[in-house]
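A short worksheet on the structure shown next.
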Amino acid sequence: MTCHPNLTPEEEDRLIDKEFEKLISGYLASPHRKRVEIIERAFRFAKMAHKGIRRRSGEPYILHPIAVAQITSQEIGLGSTSICAALLHDVVEDTEYTVEDISQQFGPKVASLVSGLTKISGGIFGDKASAQAENFRKLLLTMSEDIRVVLIKMADRLHNMRTLSSMPPGKQYKIAGETLYIYAPLAHRLGLFPIKTELEDLSFRYEHPGIYAAIEAKIRSSESKRQAVYTDFSGPILERLDGLGVSYEAKARVKSVYSIWRKMETKHVPFEEVYDLYAMRIIFDCPDVSREKTICWEIYSAITDLYCLHPERTRDWISVPKANGYQALHLTVMGPDGNWIEVQIRSKRMDEIAEKGFAAHWKYKIGRGDEESELTVWLRTIKDILEDPNPTAVDFLDTLKLNLFSAEIVVFTPKGELVTLPQHSTVLDLAYALHSELGNHCIAGKVNHKLVPLSQQLQSGDQVEVLTSNSARPKPEWEEFLATAKARTRLRAALRREQAPVIERGRRILADFLADGQVKESNEVLTKIMRYFHISTRDTLYLKLGSEEITLDGYILKDSPKTSPGLLKKIFRIGTGRSATPKALPAPPPPPVNPKEVYELNLDGEMQNFVFSPCCHPIPGDDVMGFINDDNRVEIHDLTCPRAQLLKSTYGPRVVATKWHRVERPLPATVLIEGIDRHGILQELTQLISSQLHMDIRSLHIDTDNEVFNCRLGVLTRNASDLKNLCSEVRKISGVQKAARTDTKTSE
């Protein structure tokens with residue numbers, strides 16, 4: 001929606017009425033009951049409540065609820081109750097009206113949705129990590145009561161992302177970060193694929209505007225060539241489908257900018273080597289649902305008669321739908337240009353469910369007896385996580401994300417019951433999925449009648465029997481091989497029950513120790529002790545103290561053998577870490593950082609106004625963000641670093657927009673090189689880097705396997721463009737197949 005800041009009040013009113021008419025027109029074209037009167041009343045009520053209020057962009061605020069209602073109706077497919085709630089979703093939060101007022105005017109259903117949306121207003125996250133986790137719990141609890149709340153919230157976030165340009169850069173990073181970290185996976189899990197794709201692309205555009213524009217331009221410039229390849233490929237298929245007498249629509253679906261970039265990053269390939277830029281989608285008419293599966297396989301047979309099938313890339317999501325309800329038949333065949341092309345086959349019903357997710361399920365209700373829907377099963381998993389009483393905020397979000405964006409496998413119990421699990425799930429994951437006690441007492445499993453350890457990863461189609469023993473007890477090391485949020489939550493709860501007495505003993509030991517030293521227990525004191533022992537949580541500190549893995553006397557002696565308990569206050573006041581002594585002087589505090597301004601990064605000789613994060617090491621020219629750490633220093637992260645994504649979504653107010661200003665010192669970077677080994681190739685490589693490109697080599701490690709070599713090259717570089725040029729020149733050496741930068745980013 002375009003902003004028109006110079007319109008007169010009369011022109012603004014006409015613009016608002018025009019947008020509302022678009023909403024009504026779209027609603028009338030939908031299959032829902034035509035309850036226009038209540039929608040018009042909700043619009044008038046919201047318009048009056050928001051009168052005189054403007055968005056940051058300058059446009060009248062009421063245009064935002066109208067846009068959210070349009071997305072709710074036309075892109076998600078919800079009806080009049082949800083449209084009213086979307087129009088009213090900010091009224092209780094931003095005006096004097098209450099939920100009771102909404103209930104009196106529009107009934108309890110609309111009021112319940114508005115109440116749920118009000119509880120999670122202002123985005124999922126607040127200023128503090130604990131508040132963020134609590135707000136997210138509210139979102140999910142409300143979602144488990146009425147799924148429409150989170151669907152409207154998704155529409156609200158989508159419109160905010162579409163209008164994000166009016167926000168300052170720091171705010172853009174925070175909103176884009178939490179969108180990519182939580183909202184896009186939620187949209188994926190709810191089956192809202194177009195919204196998930198748009199949220200990813202919009203987040204990527206604000207985080208990496210240069211890369212986004214470059215990929216978008218390359219997609220446009222390659223369109224004619226791509227269309228010619230698609231025409232050659234699809235022509236014979238369309239002839240066969242016409243011969244089958246099937247009513248259908250066929251189209252090419254181009255990969256999103258974000259998914260192309262992800263492939264370039266994970267495969268270390270340039271845009272030109274991303275061959276599966278598009279997939280063919282065939283959508284057929286089939287009023288008789290019982291015939292859908294047959295027609296899908298008839299089309300599959302026609303295509304495989306024409307083109308060579310990739311044997312390992314056929315996906316049957318008709319017989320076993322995905323957990324979010326997605327159904328389709330996917331196959332990959334060799335196209336006439338020698339590249340693999342994916343074909344997706346689905347009916348119109350399947351396509352609407354794929355586009356609008358669970359909202360479309362209400363339109364296509366199919367009797368399943370007493371079986372629970374996949375959504376109900378997933379929401380029960382969410383409730384299991386919510387019942388975990390003490391996770392940290394970051395652990396909570398990480399644990400939840402395990403289940404949001406995971407590929408799935410299907411396994412069977414000995415009785416033939418089907419269980420859907422995330423990919424990489426183990427026997428222990430299955431045990432906990434079936435029952436908490438089954439997981440707590442699991443000792444091993446039988447996979448396809450063969451005895452395996454409880455850490456054994458499962459494959460789709462496995463038949464799995466869980467073996468238990470009453471004497472078995474849960475162990476902390478089990479968490480290392482668990483892939484599901486439910487299993488981790490249940491294991492942690494069981495461990496806490498068993499460890500509770502030891503934790504309480506450790507808490508008393510610490511309290512007595514601090515009392516003897518005349519030190520008041522505080523967050524600062526506890527943080528310094530945990531930092532010294534490299535412990536991340538208080539419960540872990542108490543557990544290690546209670547089990548006598550560590551002793552506090554040792555802590556004092558290591559700092560200063562002659563220190564008496566009476567000097568404990570002084571130690572805490574002066575220094576932290578292993579080398580702190582009573583003689584140490586505190587470092588001067590860094591100047592305060594204003595997160596509302598763009599922070600300029602300077603590295604001039606020994607003067608450096610930022611610190612590199614331990615998880616990644618960006619160089620000038622990379623897209624980076626700053627994070628104000630506990631020492632009030634700006635810690636920089638590459639925007640693609642998973643740790644950066646977590647910080648953006650959990651500590652938004654401490655995120656600061658940054659730009660490279662003056663960097664006078666070369667920084668280390670690593671390049672991976674692959675190719676066919678031959679005599680003299682190493683000499684050519686080192687001569688190119690040192691003599692022609694004038695870059696310093698810091699390390700060089702080469703492994704060869706028969707005729708293939710892999711080289712890990714460490715160099716000093718002043719910026720990302722120099723490194724990009726190095727990779728380009730190295731690829732010109734005869735025998736080199738690939739040269740790509742790799743960073744010390746944590747892999748996801």
Side-chain angles (χ1 to χ4, degrees), residues 165 167-174 176-177 204-214 265 586-641 643-645 647-648 651-671 689-699 713-729 740-746:
S165 59
M167 290 288 185
K171 202 81 170 174
Q172 289 177 355
Y173 283 153
K174 174 196 178 294
F204 182 60
R205 191 174 89 189
Y206 283 103
E207 291 191 337
H208 302 276
I211 301 173
Y212 182 94
E265 285 286 295
V593 178
N594 184 356
K596 293 182 180 179
E597 296 178 354
V598 177
Y599 188 80
E600 293 186 342
L601 303 172
N602 294 310
L603 179 57
D604 186 1
E606 296 302 314
M607 297 299 293
Q608 181 173 331
N609 69 343
F610 63 92
V611 293
F612 287 104
S613 60
C615 50
C616 61
H617 207 282
I619 57 178
D622 287 340
D623 292 329
V624 295
M625 68 158 218
F627 173 72
I628 304 171
N629 64 21
D630 294 338
D631 298 323
N632 202 40
R633 298 292 304 276
V634 173
E635 178 183 286
I636 66 165
H637 291 260
D638 191 295
L639 280 177
T640 60
C641 165
R643 174 71 181 162
Q645 294 175 18
L647 292 173
K648 282 179 288 183
Y651 297 98
R654 292 166 66 179
V655 169
V656 59
T658 58
K659 69 175 181 180
W660 297 99
H661 182 238
R662 187 175 65 253
V663 180
E664 304 295 338
R665 188 200 309 165
L667 296 170
T670 306
V671 174
I689 297 166
S690 298
S691 303
Q692 295 180 37
L693 300 177
H694 306 292
M695 296 177 75
D696 291 332
I697 297 175
R698 295 295 299 274
S699 63
L713 172 71
V715 295
L716 288 178
T717 182
R718 291 191 177 275
N719 53 58
S721 59
D722 284 356
L723 201 61
K724 186 176 180 181
N725 180 56
L726 180 147
C727 293
S728 176
E729 292 299 318
R741 174 185 172 187
T742 182
D743 298 308
T744 54
K745 301 170 193 171
T746 310

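Worth saying up front: this structure is predicted, and the values here are computed from it rather than measured.
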Heavy-atom closest contact (Tyr599 atom, Val656 atom, distance): CB-CG2, 4.0 Å

Test item: Met695 and Leu716 side chains (from C-beta on) under 4.5 Å apart, heavy atoms: no

Audit row: Asn725, Leu693, side-chain contact (heavy atoms from CB on, under 4.5 Å) steps and yes/no: CA-CA 9 Å; Asn725 180 56; Leu693 300 177; 3.8 Å; yes

Does a side-chain heavy-atom distance below 4.5 Å link Tyr206 with Ser165? yes

Under 3.5 Å, is there a donor-acceptor pair between the side chain of Trp660 and the main chain of Asp623? no

Search all heavy atoms of Leu667 against all heavy atoms of Pro618 and return the closest pair with its distance. CD1-O, 4.2 Å

Could you check whether any side-chain heavy atom of Lys724 comes within less than 4.5 Å of a side-chain heavy atom of Arg741, counting everything from C-beta outward? no

Indicate, with yes or no, if the rings of Phe204 and His208 have centres closer together than 6.0 Å. yes

Could you walk me through whether Ile697 and Leu713 pass the side-chain contact (heavy atoms from CB on, under 4.5 Å) check? CA-CA 8 Å; Ile697 297 175; Leu713 172 71; 3.9 Å; yes

Would you say Leu601 and Ile636 make side-chain contact, with heavy atoms under 4.5 Å? yes

One should read off an interatomic distance between Glu207 CD and Tyr212 OH, to the nearest 0.5 angstrom, of 13.0 Å

For Lys659, enumerate each residue passing the salt bridge (charged side-chain N to carboxylate O under 4.0 Å, His left out) test, keeping only those at least two apart in sequence or located in another chain. Glu600

Any non-hydrogen side-chain atom of Asn719 less than 4.5 Å from a side-chain atom of Asp722? yes

Are the side chains of Leu723 and Ile619 in contact, using a 4.5 Å heavy-atom criterion? yes

Taking the side chain as every heavy atom from C-beta outward, state whether Asn609 and Val634 have any atom pair closer than 4.5 Å. no

Let me see the working for Val624 and Leu639 under side-chain contact (heavy atoms from CB on, under 4.5 Å), right down to the final yes or no. CA-CA 5 Å; Val624 295; Leu639 280 177; 5.7 Å; no

Close aromatic pair by centroid cut-off 6.0 Å: Phe612 and Phe610: yes

Applying salt bridge (charged side-chain N to carboxylate O under 4.0 Å, His left out), name anything that partners Arg718, two or more places apart in sequence or on another chain. none

Could you go step by step and tell me if Val611 and Asn629 meet the side-chain contact (heavy atoms from CB on, under 4.5 Å) rule? CA-CA 10 Å; Val611 293; Asn629 64 21; 4.1 Å; yes

So which heavy atom on Ala720 is nearest to which on Asp622, and how close? CB-OD1, 3.6 Å

Under 3.5 Å, is there a donor-acceptor pair between the His637 and Glu635 side chains? yes

Quick one, Asp696 and Pro666 - any side-chain contact, counting heavy atoms below 4.5 Å? no

Those residues at least two apart in sequence (or on a different chain) that pass side chain to side chain donor-acceptor pair (under 3.5 Å) with Asn602 are His661

